[in-house]
Every structure is written in C-alpha cells, then in structure tokens.
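Note sheet for the following structure.
Numbers restart at 1 for each chain; the letters A, B, ... are given by sequence-line order, proteins then strands.
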2 protein chains.
Amino acid sequence: MTSPPRLRADAARNRQLLLAAAAEEFAERGLEASVADIARRAGVGKGTVFRHFPTKDDLIAAVVQERITPLIAAGERLLDAADAGAALLEFLAMAAQQQQQLDLSFLQGADRLAPDAAQTQERLFRVVHALVDRARDHDAVRPDVTGTDVILLMCAPNHVVTYLPDPPPDLWRRYLAIIFDGLRPQGAHPLPHPPPRSM
Amino acid sequence: MTSPPRLRADAARNRQLLLAAAAEEFAERGLEASVADIARRAGVGKGTVFRHFPTKDDLIAAVVQERITPLIAAGERLLDAADAGAALLEFLAMAAQQQQQLDLSFLQGADRLAPDAAQTQERLFRVVHALVDRARDHDAVRPDVTGTDVILLMCAPNHVVTYLPDPPPDLWRRYLAIIFDGLRPQGAHPLPHPPPRSM
DNA sequence: CCACAAACGGACCGCGCGGTCAAGTTGTAG
DNA sequence: CTACAACTTGACCGCGCGGTCCGTTTGTGG
C-alpha cells in the first residue's frame with residue numbers, strides 16, 4: 001500500500017479548483033470539453049492539469065467519482081426507507097439531478113477503468129440492484145424488471161431532454177415520471193425480450 | 001426551381017455506394033465515424049465523398065433522410081390502423097429498428113439544417129403528433145402526454161442499450177415496452193413538470 | 001532565512017480530423 | 001471516334017485535440 005505523500009498547499013487548492021472547473025465545463029459542454037478550456041477556467045496552466053490527472057480520462061473519472069460517491073451513500077441510506085418504491089424513485093431523481101447532463105459514459109467500458117473507479121462502479125450497481133430488489137419485493141415495481149434494466153434506464157431522463165435546444169432545468173422529472181410509471185406493476189404488459197446479462 | 005442536371009452513370013452508382021457505406025459505418029461506430037473510413041468502405045477516394053456531399057453534415061443528413069422518409073410513410077399509413085395504440089407502438093418499433101444506433105442528433109439543431117432536411121423533420125414530427133393524438137383520443141395513451149414527449153422519448157430505447165458492451169440486436173424492444181407502458185393511461189401517476197414547448 | 005523538492009506554465013509535438021485542389025481518368029453526346 | 005465536360009483521386013492544408021517537457025516559480029522543513 002503506497003500512502004500518498006501529502007500534497008503541497010497550493011497543489012491541493014489547484015486540485016479542487018480543477019475538479020470544480022471540470023465539473024462545470026463537462027456539465028455545460030459535455031465530455032468533449034477540452035482540457036485547455038478546463039485549465040483556463042480553473043485559472044491554471046494546461047500542464048498542471050496533467051500533473052494532477054495523468055490523462056483526461058483520469059480527470060473524468062475523478063469528477064465522476066466525486067459526484068457518484070455521495071449518490072451511493074444516499075442510495076444505501078434509502079435502503080432503510082419506509083416506502084421501498086418511493087425510495088427507488090427518489091434515488092433515481094437524485095441520480096438524474098446529480099448528473100445533469102454528465103451523461104455517464106462511465107457505465108459503459110467497465111473494463112479499462114482505473115481499479116478504484118471500477119470499484120465505485122461496482123458499489124453503485126450493487127446499491128441499485130438492492131433498491132430494485134427491495135422495491136420488487138414490496139410490489140412497487142413490476143416483477144419482470146431487473147436491477148440491470150434500471151441501471152440502463154437511469155440516464156434516460158437526462159438524455160432525452162438533451163434533444164431540446166435549451167431544456168428547462170427540471171424537465172427530466174417529467175420523463176423520469178413516465179419511465180418510472182413504466183416500471184410499476186399496475187397495468188404492466190409482458191416484456192418481449194429477456195433482460196441483459198447482469199451488470 | 002433548379003432541376004438537377006442528371007448524374008453520370010458511375011457518379012450515380014458511387015453516390016449509392018457512399019450512402020450505403022455511410023449508413024453501415026454510422027451504425028457501427030456512431031456519427032463520429034470518419035469520412036475517410038466511409039470513403040474506403042465505399043471503395044472510392046475521399047474527394048469523391050465531398051463532391052457528392054459538400055460537408056459531412058450533408059452526408060449525415062442524406063443518410064438520415066433516406067432512412068426517415070419510409071418511416072414517415074409507414075407512420076402515415078398507420079394513421080388508418082384499427083387499433084390506435086398498437087399503431088403508435090408499432091411506429092415506435094419501426095423507428096427504433098430503422099435507427100439501430102443512428103442516434104438522431106438530427107432532432108436537435110432544427111435550425112442550421114438544410115431546408116429540405118428541415119422539411120422532412122417537420123413531416124416526421126407531424127406524423128408523430130398525429131399518431132399520439134389519435135392514440136390519446138382512443139384512451140390508448142395517458143391524456144397528459146404530448147406528441148413532443150414521444151418525439152423526445154423515441155430514441156431512448158436504442159440509446160439505453162448503447163451502454164452495454166455488445167447488446168443483443170433486439171434488446172431495445174424490452175425498453176420500448178417499458179417506456180410504452182409508462183405512456184399508457186392504466187395506473188398513470190400525474191406528471192411533475194409541464195410538457196416542453198411543442199416541436 | 002535558505003535551499004531544495006515540489007509544483008507550475010505554456011511552448012511544443014504528433015495525430016487525426018474535415019475539407020480543398022490540381023492533375024489525371026472516364027462516360028457520353030454528337 | 002473524338003472531344004469535352006463530368007467525375008475521380010490522393011496528396012495536401014489548417015486546426016484543435018490530448019499529452020510532453022523543461023525552464024521557472026513557490027511553498028516549506030530545518
């Protein structure tokens with residue numbers, strides 16, 4: 001185990017500035033925002049970015065991790081909520097809110113992910129599965145829907161909104177509601193295709 | 001009205017080869033497939049591509065148009081189907097099938113679209129609205145859902161499947177079924193956000 | 001206060017992209 | 001068959017990107 005050799009004061013500050021700037025830039029312009037722009041926004045040189053994050057992918061992973069970790073925690077907390085269905089719905093709402101266009105290409109490419117990122121992903125998936133299983137047990141979601149299904153659908157509300165020129169910031173709620181209604185047992189029609197291999 | 005001055009035989013053939021190659025390439029690798037690769041696949045030089053389509057965007061528009069036109073026709077035909085709900089569902093299935101990952105960024109950016117492309121888009125939107133209105137009148141979809149909602153959700157089934165390493169070719173059907181269940185009136189919960197401005 | 005490692009910055013590199021062009025090739029009207 | 005316009009081609013261009021490197025600056029432990 002290599003313990004990190006403690007950061008210099010300014011370096012630590014710059015690291016935070018970078019994470020913040022990157023998050024904003026990614027939110028506004030998607031993952032293709034250039035490293036140079038992020039550096040400028042953070043008020044540092046481009047070289048500094050690469051000193052902290054050897055690769056753009058590493059920077060993305062760091063930002064995602066920062067956003068995802070509290071989400072996981074919230075999800076785990078929601079496992080104790082009284083209403084299992086409402087808990088899942090709220091989790092999905094938090095996920096959508098947290099992402100706000102940070103369209104997680106993080107989900108795909110489970111391979112070639114920094115080992116710690118892969119671990120975070122693992123935890124995220126596990127908590128989604130748990131929430132879904134619990135909701136299913138309480139007849140709050142249809143029996144034929146799996147955790148993997150929900151993982152795949154998780155980003156959809158944010159994504160569909162993307163097609164609009166400049167979407168109202170809460171419009172995703174509308175589509176989350178529609179999709180979630182599709183997950184409910186009431187009036188569910190049988191699904192025409194088996195679920196994909198578990199994630 | 002400028003009538004196109006008729007194409008030379010080989011030019012016409014190459015044009016078709018290009019459209020086919022582009023469609024395949026886009027399907028496999030998304031819209032970022034390079035023009036050079038498309039040219040190679042079609043067995044022509046890169047310059048030829050730009051002779052037929054002044055810009056990569058024009059090529060994309062042409063491919064999309066080629067796919068979308070028959071879809072519109074099918075949609076208009078479905079307006080006469082007996083079961084309005086089933087008609088809408090089948091239309092959405094055709095749309096998803098036709099696209100197969102040709103994730104239509106065509107929907108956004110209604111401006112800066114070649115005028116004929118804009119017109120095609122217009123027709124597509126109109127037929128979706130008609131199908132949805134008719135389905136709503138027959139109580140086959142919930143009353144609070146609009147044509148614009150369906151337009152936005154149209155690509156979702158294909159999109160979500162994208163997160164999987166290599167998805168079964170028909171998996172989108174599963175997610176279309178879920179989303180469509182969310183559009184049905186049975187057990188619908190009120191939507192938390194007003195619909196976006198009509199498209 | 002000083003010396004030195006740590007951190008910084010920005011010029012620089014190579015690459016792949018969309019798009020251009022001038023020289024060569026080919027279908028076709030007459 | 002010929003002559004010419006239509007068409008093809010691939011070398012070429014400029015650009016913006018991710019990533020490198022080294023001369024300079026700066027925080028900090030002794």
| request: Could you pull out the closest heavy-atom pair between A:Ile151 and A:Met199, with the gap in Å? | output: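 Here A:Ile151 and A:Met199 meet closest at CG2-SD, 4.2 Å.
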| Any idea which heavy atoms bring A:Leu19 and A:Ala62 closest together, and the distance? | CD2-CB, 3.8 Å
| To the nearest 0.5 Å, how far apart are CZ in B:Phe91 and CD1 in B:Ile72? | 8.0 Å
| Inter-residue atom distance B:Leu78.CG - B:Leu71.CG, 0.5 Å rounding |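 Rounded to the nearest 0.5 Å, the CG-CG separation comes to 9.5 Å.
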Could you tell me the separation between the [atom1] atom of [X] and the [atom2] atom of [N], rounded to a whole number of Å?
X       : N      : atom1 : atom2 : result
A:Arg29 : D:dC17 : CZ    : C1'   : 12 Å
B:Arg13 : D:dT8  : CZ    : C1'   : 11 Å
A:Leu59 : D:dG19 : CG    : P     : 10 Å
B:Phe50 : D:dC7  : CZ    : P     : 18 Å
B:Leu18 : D:dT8  : CG    : P     : 9 Å
B:Glu25 : C:dC17 : CD    : C1'   : 14 Å
A:Phe53 : D:dT20 : CZ    : C1'   : 18 Å
A:Asp57 : D:dG19 : CG    : C1'   : 12 Å

| Side chain B:Thr55, main chain B:Asp58, donor-acceptor under 3.5 Å | no
| note | For nucleotides 1-15 of chain C, 5' to 3', base contacts (B), sugar-phosphate-only contacts (S) and non-contacts (-) with protein non-hydrogen atoms under 4.0 Å give ----BBBSBB-----
| Applying the 4.5 Å side-chain criterion to the ILVMFWY set and letting contacts propagate, would A:Leu17 and A:Val64 be lumped into a single cluster? |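 No; tracing contacts between hydrophobic side chains, which count when under 4.5 Å, never links both residues.
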| request: Report yes if a side-chain nitrogen or oxygen of B:Thr55 is closer than 4.0 Å to either non-bridging phosphate oxygen (OP1 or OP2) of C:dG18; otherwise report no. | output: no
| remark: Of B:Ala9 and B:Lys56, the one whose nearest nucleotide on DNA chain C sits closer to the 5' end is B:Lys56
